[in-house]
Novice: 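One structure follows; several queries about it will come next.
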Amino acid sequence: MLDTKYDHQKVEAGKYENWKSKGYFKSGDKDKKPFSIVIPPPNVTGKLHLGHAMNVTLQDIIIRYKKMQGFDCLWLPGMDHAAIATEAKVVKKLKSQGIDKYEYGRDNFLQACWDWTHEYGGNIRDQWAKMGIAVDYDKERFTLDEGLNKAVTQVFVDYYNEGLIYRGEKIINWDPEAKTALSNEEVIYKDVKGAFYHLKYYIEGTNDYLDVATTRPETLFGDTAVAVNPEDKRYKDLIGKNVILPVVNKLIPIVADEHADPEFGTGVVKITPAHDPNDYEVGKRHNLEMIVVMNPDATMNDKALQYEGMTREECREALVKDLEKDDLLIRIEPITHSVGHSERTGVMVEPYLSKQWFVKMGDLAKKVLKMQQDKTSKVNFIPARFEKILKHWMEISYDWCISRQLWWGHRIPAWYKGDEVYVGTSAPKGDGWVQDEDVLDTWFSSALWPFSTLGWPDKTEDFKRYFPNDVLVTAYDIIFFWVARMIFQSEHITGVAPFKYCIIHGLIRDKEGRKMSKSLGNGIDPMDMIDEYGVDALRYYLATDVALGTDLRFDVDKVSSTWNYINKIWNASRFVLLNIENLSNLEFTNLTDEDKWILTKYQKLVKSMTKHMDKYEFNLAGSELYTFIWEDFCSNYIEFSKFNAESNTTKSVLYTILLGILKMLHPFMPFVTEEIYTKMPILEAESIMLTTYPQYDKLLLFEEETMKVNDKIAFISAFRNIKNENNIPSSAQVLLNTDDDIIIKMLKLQDSRISKPLDINSYNVKYGSYEATIYYEKVMTEEEKEALNKQILNLEASISRRKNLLANENYVNKAPKDLVAKERATLAYEEEQLKILKG
RNA sequence: GGGUGCUUAGCUCAGUUGGUUAGAGCGCUUGCUUGACGUGCAAGAGGUCAUAGGUUCGAGUCCCAUAGUACCCACCA
């Protein structure tokens, strides 16, 4: 039997291990229809935060629901090697031991990364277990395991042969801390305080100068031109002439280019093709020399003359001082502008001319846009609006820089010998070939995740059975990084979308709506929540508090009130179990109106729950279930059942409803439902995980009785209202127009019922066919009179509104019939009420 | 500059294909040791659904405009 109190720690203990060891999470039953999800792989060295908790909860709800509906569910778990993130951590760790990465050497370093991976990967698995997620551990993958390495290499080679991957010297985003290239998506723009430095670029052979404004004076060593707009009248005559580059004292041309905006600043731009993406384009158009002025660690190189060896910041300071001394500085104008920073290391990104590998995006993106136009082939986003983010990215997509100057990752399968390049799945024959030192962007491998995890490029059974995936669940901030890339990779490589539905949820913020971050110290560890309130409460809250795609403001009080809800379920179950202990066979003869009422409500609930679950409307599913459990089942049916406790039929109904509730709750709160389920006197299977989801049966609807009981409940409520509002004691005598046992017992009228009217003031209560007169004399206070008047006025207004409505032929003819009928009934009720109030 | 949300009760949020006195949790008021639960029960107060138009018999819901707010993308020499 259940304890008197819900104890989440006790309930959760041991269950996950049991499910896992019994093999309930495993996929592969060929007699069933397949259903597959791949988990968004968390960084192997990371720690699950609330965002992950929400993400895996939603997936687990889907998986458990589909399992109960008879699907062969594969939920494939795994982790991401997270190239730059992991490498940064390992570098830091080695550094703390006094070891330098480069001195340590590639092989040793990689060994250190693997050690780190094995040490931390277990943490994630422990946290998954705490969350209770039904992933198939037999299928677990790692983005850097042998099979995925094979897939990555194959894709690289194929793309190269198709001309979709190329190596070229271009401006890329350089992270001087990690000393690697980054993709545009890995750059975060932040507003920082800076300045426009207005410098004098003297025009050759004159004493005139151009006022050139720059936020980055230290890059002037790489200037190979200044540009003006061809339409700018101020400078038209100067086009083709030269200016003297300050400090360097060399001549550079004045070129005409659209890039220079006459409206912006002075209309003159210095062109540094090797350190600015726009200038790079200008440089290409005008065939300008491209001079890199920095080392990979963003210190100045020999092109910076006497400033060589200084950092960017030191150089700027010293240079500005010197310019001022030489009267080459006009003024410094403070501004706030946005500057790119590395997502991982946080340092200012340096636009940097460098030789890298790229994926040519144009055609791949177009193919995705085309695929999305076809309803049968597209990825369906839920909510649908997020498809626009995908489309937008596909429209603007620039070539993707995929090489990283790191060691922890998939090594690029390219070998060089002099000017020769060889790209292949294994090293070329012959001597003198040297493999590319670089590895691939971590997102290159995760982009293949939906099929590489299933054995592709081999045509494995798993690949044939579980690809394309049915659903992918992720947050909207990852659409650019991951979702978009999975889609174009899959479209090109397999010819189809990687998944049919892409479910997008929001981010978790703190109670004030701020992002959770280390610096603010407002982060909440899901494991702490689980300790305090239990994982069932956390899961239910995360899945049902907000609509899909909306950010959630995390409120501990709500987790706490979810705990109360579970406690309520626990106690209701306790009551039912106490009453059906000796139930051995189900019996549905002689159903009372109340039995029929709850069975009907239950059927309607099943229908609507199935609809919501199928549409991934978990918040709606949650609240309907909540209302049914708390209002219909606990407040009403359980109370009714107390008057019929010995009946085997009542017991059977209690059992049926409780079982159904537990099943429908199970995807949301797996632990407590399992605990209660196993205490039921009749079991469908040894675990609730193996039971089937309730099926809607329209033959079990009893509309007439349902309406009758609805009236009874409304009548009971109206009676209590009158009693409460008027402070009528329980001893007041009551004349009832019905012998209904439920009404009498619910209102506790057994002793105060009378059979004839009394000749004193009375209160009248009426709903539907039920009517009561309560004999209790009381003088009204002014306040009460006022309240009564207000009530009367409201009623009169409502009645007249409703009369107009029902007099409107358009409404009566066009509106659904049952609605019109309901309106008529309400009107009748209101008129009765008015009569009573006017007394 | 382009885009996407949001604005509903004191707070945090729901609100299915438009259907007529708008829901929940928490908070608030009143009463209650009712034999599953005081982590509870019963009753209640509280909203001109941001503003202004339009479509419709009917708008929180659809359309247009405005304001506030948040985020994304681009630009920022």
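Just so we're on the same page: letters track the sequence lines, and every chain starts at 1.
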Novice: Which nucleotide sits closest to the side chain of A:C634: B:G25, B:A36, B:C71?
Specialist: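 Shortest atom-to-atom distance from the side chain points to B:A36.
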Novice: Please pick, from B:G15, B:G25, B:U17, the nucleotide with the shortest atom-to-atom distance to any side-chain atom of A:K615.
Specialist: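 Nearest to the side chain of A:K615 among the choices is B:U17.
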Novice: List the steps and the verdict of side-chain hydrogen bond (donor to acceptor under 3.5 Å, both in side chains) for A:H198 and A:D211.
Specialist: CA-CA 6 Å; A:H198 290 262; A:D211 178 347; 2.8 Å; yes
Novice: Please report the C-alpha distance between A:E395 and A:K391 in whole Å, then the side-chain angles of each, then the deciding distance to 0.1 Å, and finally whether the salt bridge (charged side-chain N to carboxylate O under 4.0 Å, His left out) criterion is met.
Specialist: CA-CA 6 Å; A:E395 277 155 12; A:K391 284 187 175 167; over 6 Å; no
Novice: So, does A:S717 get its side chain near the phosphate of B:A43, meaning an N or O under 4.0 Å from OP1 or OP2?
Specialist: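 The answer is yes; a side-chain N or O of A:S717 sits under 4.0 Å from OP1 or OP2.
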Novice: Should A:Y811 be counted as stacked on B:G19, where stacking needs a ring-centre gap under 5.5 Å and an angle between planes under 30 degrees?
Specialist: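 A:Y811 ring does not meet the centre or angle cut-off for B:G19; no stack.
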Novice: Roughly how many Å apart are B:U4 and B:A45, using the P atom of each and rounding to a whole number?
Specialist: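 Nearest-Å result for B:A45 against B:U4 at atom P: 42 Å.
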Novice: Of the listed nucleotides (B:C72, B:U21, B:U12), which one gets closest to any side-chain atom of A:R553?
Specialist: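 Among B:C72, B:U21, B:U12, the one nearest the side chain of A:R553 is B:U12.
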Novice: Do any side-chain nitrogens or oxygens of A:K388 fall under 4.0 Å of OP1 or OP2 in B:U4?
Specialist: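 For B:U4, OP1 or OP2 has a side-chain N or O of A:K388 closer than 4.0 Å.
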Novice: Can you tell me if the side-chain N/O atoms of A:K642 get under 4.0 Å from OP1 or OP2 in B:U34?
Specialist: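 Result: no.
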Novice: Would you indicate which nucleotide in B:U4, B:C41, B:U20 comes nearest to any side-chain atom of A:W630?
Specialist: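 Out of B:U4, B:C41, B:U20, the nucleotide with an atom closest to A:W630's side chain is B:C41.
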Novice: The side chain of A:N724 is closest to which nucleotide in this list: B:A42, B:C73, B:A14?
Specialist: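 Of the options given, the side chain of A:N724 lies nearest B:A42.
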Novice: Taking 4.0 Å as the cut-off, does a side-chain nitrogen or oxygen of A:H337 come that near to OP1 or OP2 on B:A77?
Specialist: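 Result: yes.
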Novice: Has A:K515 got a side-chain N or O lying under 4.0 Å from the OP1 or OP2 atom of B:C71?
Specialist: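 The answer is no; no side-chain N or O of A:K515 sits under 4.0 Å from OP1 or OP2.
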Novice: For A:T650, is there any backbone N or O sitting under 3.5 Å from a side-chain donor or acceptor partner on A:N644?
Specialist: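 No.
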Novice: Between B:U4 and A:Y476, is there an OP1 or OP2 to side-chain N/O distance shorter than 4.0 Å?
Specialist: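 It does not, given that no N or O in the side chain of A:Y476 lies less than 4.0 Å from OP1 or OP2 of B:U4.
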Novice: Looking at A:Y696, is A:K604 sitting on its ring face, NZ or CZ under 6.0 Å from the six-membered ring centre and within 45 degrees of the normal?
Specialist: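 Output no; distance or angle outside limits.
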Novice: Tell me which nucleotide among B:U20, B:A36, B:G25 gets nearest to the side chain of A:A572.
Specialist: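 Closest nucleotide among those given: B:A36.
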Novice: Could you please name the option among B:A77, B:U39, B:U16 that lies closest to any side-chain atom of A:L620?
Specialist: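 That would be B:U16.
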Novice: Considering only side-chain heavy atoms of A:D545, which listed nucleotide, B:U12, B:A77, B:A14, is closest?
Specialist: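 For A:D545, the side-chain atoms sit closest to B:U12.
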Novice: Would you indicate which nucleotide in B:A43, B:U34, B:C26 comes nearest to any side-chain atom of A:K748?
Specialist: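 So the side chain of A:K748 is nearest to B:U34.
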Novice: Any sub-3.5 Å donor-acceptor pair from A:N636's side-chain atoms to A:E631's backbone N or O?
Specialist: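 Between the backbone of A:E631 and the side chain of A:N636 there is a qualifying donor-acceptor contact (under 3.5 Å).
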